[in-house]
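Being a predicted model, the structure only gives us computed values, none of them experimental.
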Amino acid sequence: MTTPLLQALVHGPLRARADGVRIVGPAVLPPGIREALRPDIRDNCLLRRSRRLTVTGQTVSENTVAARSGVDPRVDKAVTDRSQPVGFALAEAEVVLRRRIVHVGRATWPTPSTVTAGRFCVSGNCSTPSSSTRPYA
């Protein structure tokens, strides 16, 4: 959902660049994502940080996605697929998502620009990824 909206905003295609995918414990997850995902203290979680870029390489969003590892192999594969946005990979794997908006608003990040932010949990039981997106205004 986010990628098509950003593509419409920039009037062109976007590509994903995964800056890192790691297996971490729940304590390492960003607080908002940890609250939405609600992992057990013993769960391993996949943590992916990525950016969406225009064809010229301009960053239009920063994304953090986390999922409990080992719950659904299709989700594990989608989160670790560095070649495309997670939403596209999940759709390709035929994983049906139900999104629950956790937070929407405007905030200033470490860069001086003001950006729009959204955070959502993509399933009722949060076994599929929880995501935080920072689109640049």
Intermediate values then yes/no, side chain to side chain contact (heavy atoms under 4.5 Å, CB included), Arg22 and Val28: CA-CA 10 Å; Arg22 302 182 298 147; Val28 176; 3.7 Å; yes
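- Although no hydrogens or angles enter the test, the distance criterion places no donor-acceptor pair under 3.5 Å between the side chain of Asn44 and the main chain of Ser69.
- Residues Asn63 and Arg51 have side chains that never bring a donor and an acceptor to within less than 3.5 angstrom of each other.
- Here the side chains of Ser83 and Phe88 are not in contact, with every heavy-atom distance at 4.5 Å or above.
- The hydrophobic cluster containing Leu53 does not contain Val60, counting ILVMFWY residues as joined when their side-chain heavy atoms lie under 4.5 angstrom apart, directly or transitively.
- Smallest separation of non-hydrogen atoms from Gln84 and Ala16: C-CB, 3.5 Å.
- Environment of CZ in Arg15: crowded, with over 12 heavy atoms of neighbouring residues, nucleotides or ligands closer than 6.0 Å.
- Leu6 has its side chain within reach of Ser61: a pair of non-hydrogen atoms, C-beta onward, lies under 4.5 Å apart.
- The distance from atom CG of Leu9 to atom CG of Leu14, rounded to the nearest 0.5 Å, is 9.0 Å.
- With hydrophobic clusters built from ILVMFWY side chains whose heavy atoms lie under 4.5 angstrom apart, Val65 shares a cluster with Ile23.
- Between Ala78 and Val86 the shortest heavy-atom distance is O-CG2, 4.2 Å.
- When all heavy atoms of Arg34 and Pro39 are compared, the closest pair comes out as O-CD, 3.5 Å.
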Do Arg68 and Asp43 pass the salt bridge (Lys or Arg N to Asp or Glu O under 4.0 Å) test, and can you show the C-alpha distance, the side-chain angles, and the key distance before you say yes or no? CA-CA 7 Å; Arg68 290 182 10 236; Asp43 285 338; 3.3 Å; yes
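- Counting all heavy atoms, side chain and backbone alike, Cys45 lies closest to Leu29 at SG-CD1, 3.9 Å.
- Side chains of Glu35 and Pro30 form no contact here, defined as non-hydrogen atoms less than 4.5 Å apart.
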Between Leu46 and Thr80, does a side chain to side chain contact (heavy atoms under 4.5 Å, CB included) hold up when you go through it step by step? CA-CA 8 Å; Leu46 295 169; Thr80 59; 4.1 Å; yes
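- For Asp81 against Arg48, the heavy-atom pair with the smallest separation is O-NH1, 2.5 Å.
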